[in-house]
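Step one of this worksheet: look at the structure below.
Residue numbers start from 1 in every chain, and the chains themselves are labelled A, B, ... in the order their sequence lines are given, proteins ahead of strands. From a predicted model like this one, the values you see are computed outputs, not experimental measurements.
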Number of protein chains: 2
Amino acid sequence: MTHPDDLSLSERTSDALTAAHLYYMQDLTMEAIARELHTSRSSVSRLLSQARTSGLVDIQIRSPLDATSRVEKLILDRFKVTAHVVPVPDHASDVDRLERVALSVARILGEFFDSNMIMGIAWGSTMNAVSRHVTPKRTHNAQIVQLNGAGNTRSTGLDYANEILQRFSNAFGARLEQFPVPTFFDDPSTRTAYWRERGLRRLLEMQGNMDVALFSVGSPFSNVPSHVYVGGYLDDDELTALSDAEVVGDVATVFYRVDGSTDGIPLNDRGTGPELSVLRRTPRRICVVSGKSKVDSLRGALAANLITDLFIDESTARELCE
Amino acid sequence: MTHPDDLSLSERTSDALTAAHLYYMQDLTMEAIARELHTSRSSVSRLLSQARTSGLVDIQIRSPLDATSRVEKLILDRFKVTAHVVPVPDHASDVDRLERVALSVARILGEFFDSNMIMGIAWGSTMNAVSRHVTPKRTHNAQIVQLNGAGNTRSTGLDYANEILQRFSNAFGARLEQFPVPTFFDDPSTRTAYWRERGLRRLLEMQGNMDVALFSVGSPFSNVPSHVYVGGYLDDDELTALSDAEVVGDVATVFYRVDGSTDGIPLNDRGTGPELSVLRRTPRRICVVSGKSKVDSLRGALAANLITDLFIDESTARELCE
DNA sequence: AAGCAGTTTGAACATATGTGCAAGGAGTCA
DNA sequence: TGACTCCTTGCACATATGTTCAAACTGCTT
């Protein structure tokens with residue numbers, strides 16, 4: 001396998017940089033750039049495309065503050081949360097919705113995460129979608145930490161969750177702290193014991209010092225239940241127990257009711273997600289939500305004050321405001 | 001005349017915003033966007049183009065620090081100045097060079113100027129070129145101040161200089177403080193007297209508090225002399241005097257020698273540009289240079305420590321480093 | 001209501017950009 | 001060296017985007 005990281009990549013990158021300059025700063029046509037770079041137009045097209053996906057070119061959209069959408073204002077008023085409403089047509093499918101919101105988040109995430117920061121990330125279909133599109137950004141001494149375990153009765157879950165976290169870690173060049181435990185322990189005391197292990201202490205401490213948390217909300221009892229609820233993590237008895245406790249959703253497999261309360265939900269004693277108080281101590285808490293089936297769960301998360309920045313598709317946002 | 005600033009513009013702007021989202025964040029095709037916005041593809045093309053030129057969409061290029069060009073490093077070492085080398089092919093004409101450097105500067109200027117700042121701006125062909133392309137950016141309580149008078153023996157010069165400054169002022173929504181005096185007084189004592197006027201004091205004070213200064217360098221005795229030297233601002237005797245004093249150039253019509261010294265240059269006593277010490281007190285001093293004919297003048301400006309950030313075309317940069 | 005000046009619009013055309021593919025190149029291994 | 005694999009390149013084609021122009025529209029004025 002060819003692995004010319006040392007020079008050839010630099011060479012290519014610097015060409016990409018020049019091309020980007022000429023294209024985005026000087027408005028040259030690709031054909032003109034090709035001439036200056038002594039290559040073909042197609043190659044320039046490819047260079048530019050690399051420049052974009054590798055985060056060399058950074059495209060931002062800066063809303064004049066007076067133009068924040070009506071819904072965004074409404075959400076700010078009602079929930080004290082900065083909303084980023086992603087425009088998606090009403091007739092779009094849930095898959096479309098998810099994909100488009102995820103893409104938007106992926107593109108803007110670099111705005112929130114920088115060198116020397118710690119970001120906690122959950123896992124699930126939404127995070128998976130986001131992870132596939134993150135625009136890379138070079139950071140130093142940055143750290144990503146997994147928010148909750150991902151093993152279940154059938155597998156260690158390492159593959160799925162890890163693949164997701166790995167993508168973020170690569171995109172930012174950040175160290176990755178995995179969390180190789182089941183999503184739920186069978187016995188609460190096992191968790192208590194395990195939490196005292198030194199390796200775990202380090203991880204928990206990181207979680208306690210997060211600068212950013214990135215997660216979605218799970219919705220158990222909707223027509224489109226989330227990954228955790230159908231992936232073999234919970235058995236029927238457990239689901240019934242959640243239902244009985246009037247649980248409306250979860251963040252990183254920590255469950256809550258619609259009013260944001262968590263007391264007396266037994267599963268939380270066995271789960272591996274971060275205490276909500278830990279989450280609430282995190283300065284920036286980014287929640288990504290798409291699809292109306294998540295509205296109830298979202299209400300709970302808002303009531304529990306888990307969110308500072310909300311990315312949400314347009315019609316779900318409207319639904320949220322009734 | 002139709003002047004639908006109040007609502008229609010908002011309406012259009014918000015459409016442009018949505019379109020920009022869909023295009024740049026979600027990678028939809030213009031055709032798809034047209035469908036979502038219930039309009040034609042052409043209109044979307046126009047919306048996007050508006051979004052770009054109005055600064056709604058902000059495209060930046062972020063060089064990985066380890067990829068700053070060799071010349072930029074060299075300039076930093078030799079002159080302690082941050083260079084931004086603009087790629088321009090060697091065979092490009094001087095007009096091309098100027099245009100391309102100007103365009104690059106125009107696009108990135110917003111990075112340097114923000115709310116509550118004061119920016120001093122000179123005038124001349126380079127500033128003219130830059131002014132034509134500045135990407136707008138909304139700021140509050142920002143102030144632009146003209147660095148030197150623009151009147152000459154033939155006209156008040158208000159038109160030319162003012163047009164330039166006006167463009168910057170519009171682009172940033174900044175207040176504009178003009179400087180309605182000749183470029184050079186005939187008699188130094190007139191200047192001294194005038195400088196005591198209250199209106200002038202205010203302007204000079206602003207200059208003293210600038211956060212950013214934006215200027216080029218003039219080059220009198222090259223094959224491509226700058227605006228000041230051919231526009232009727234100076235008569236033959238004066239040019240001879242400059243030549244005798246070994247002047248290599250000027251910044252905002254303040255003249256200096258190649259070693260950066262200014263003592264004993266009589267014209268400086270009658271000119272209206274800012275004292276170089278005032279300039280040197282300005283935290284950010286952006287100089288835009290294109291074309292080899294300006295190299296000597298640039299050397300003088302560097303020797304005088306007038307520059308903190310230098311925008312320069314590639315071959316001139318190489319020439320500078322010999 | 002009709003006329004007017006200045007905009008905005010979409011269809012049609014003109015360009016510019018993206019991509020599949022076959023050919024060539026560069027590294028690796030036997 | 002030659003066979004092999006994996007990348008990169010430029011051509012040709014397929015799409016996507018930009019721009020011109022005539023028609024429709026808008027807000028005013030007569």
[X] [atom1] to [N] [atom2]: how many Å, rounded?
| X | N | atom1 | atom2 | answer |
| --- | --- | --- | --- | --- |
| B/Q50 | D/dG18 | CD | P | 14 Å |
| B/E31 | D/dA14 | CD | P | 17 Å |
| B/Y24 | D/dT17 | OH | P | 10 Å |
| A/M30 | D/dT9 | CE | P | 16 Å |
| B/L22 | D/dA16 | CG | C1' | 16 Å |
| B/D27 | C/dT17 | CG | P | 17 Å |

Is there a donor-acceptor contact under 3.5 Å linking the side chains of A/D313 and A/T316?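 The criterion, which ignores hydrogens and geometry beyond distance, is satisfied for A/T316 and A/D313.
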Looking at [N], I'd like to know if its phosphate oxygens (OP1 or OP2) sit under 4.0 Å from a side-chain N or O belonging to [X].
| X | N | answer |
| --- | --- | --- |
| A/Y23 | C/dT17 | yes |
| A/R46 | C/dG20 | no |
| A/R12 | D/dT9 | yes |

Residues forming a salt bridge (charged side-chain N to carboxylate O under 4.0 Å, His left out) with A/D90, sequence neighbours excluded: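 Testing A/D90 for salt bridge (charged side-chain N to carboxylate O under 4.0 Å, His left out), a comparison that skips the adjacent residues, returns A/R318.
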Partner residues of A/E31 under the salt bridge (charged side-chain N to carboxylate O under 4.0 Å, His left out) criterion, sequence neighbours left out: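 A/E31: no salt bridge (charged side-chain N to carboxylate O under 4.0 Å, His left out) contacts found.
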Set of side-chain hydrogen bond (donor to acceptor under 3.5 Å, both in side chains) partners for B/S131, sequence neighbours left out: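 Partners of B/S131 under the side-chain hydrogen bond (donor to acceptor under 3.5 Å, both in side chains) test: B/R167.
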List for me each residue that meets side-chain hydrogen bond (donor to acceptor under 3.5 Å, both in side chains) alongside A/E99, sequence neighbours excluded, and say none if there are none.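 Counting only residues at least two positions away or on another chain, A/E99 forms a side-chain hydrogen bond (donor to acceptor under 3.5 Å, both in side chains) with A/H133.
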Interface residues of residues 34-43 of chain A with DNA chain C (non-hydrogen, below 4.0 angstrom):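 Residues of residues 34-43 of chain A under 4.0 Å from DNA chain C: A/R41, A/S42.
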So what does A/S45 hit on the nucleic acid, given a heavy-atom distance under 4.0 Å: a base, only sugar-phosphate, or nothing?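 Since a base atom lies under 4.0 Å of A/S45, the category is base.
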Residues forming a ring pair (Phe, Tyr, Trp, His ring centres under 6.0 Å) with A/H84, sequence neighbours excluded: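 A/H84 satisfies ring pair (Phe, Tyr, Trp, His ring centres under 6.0 Å) with A/F311 only.
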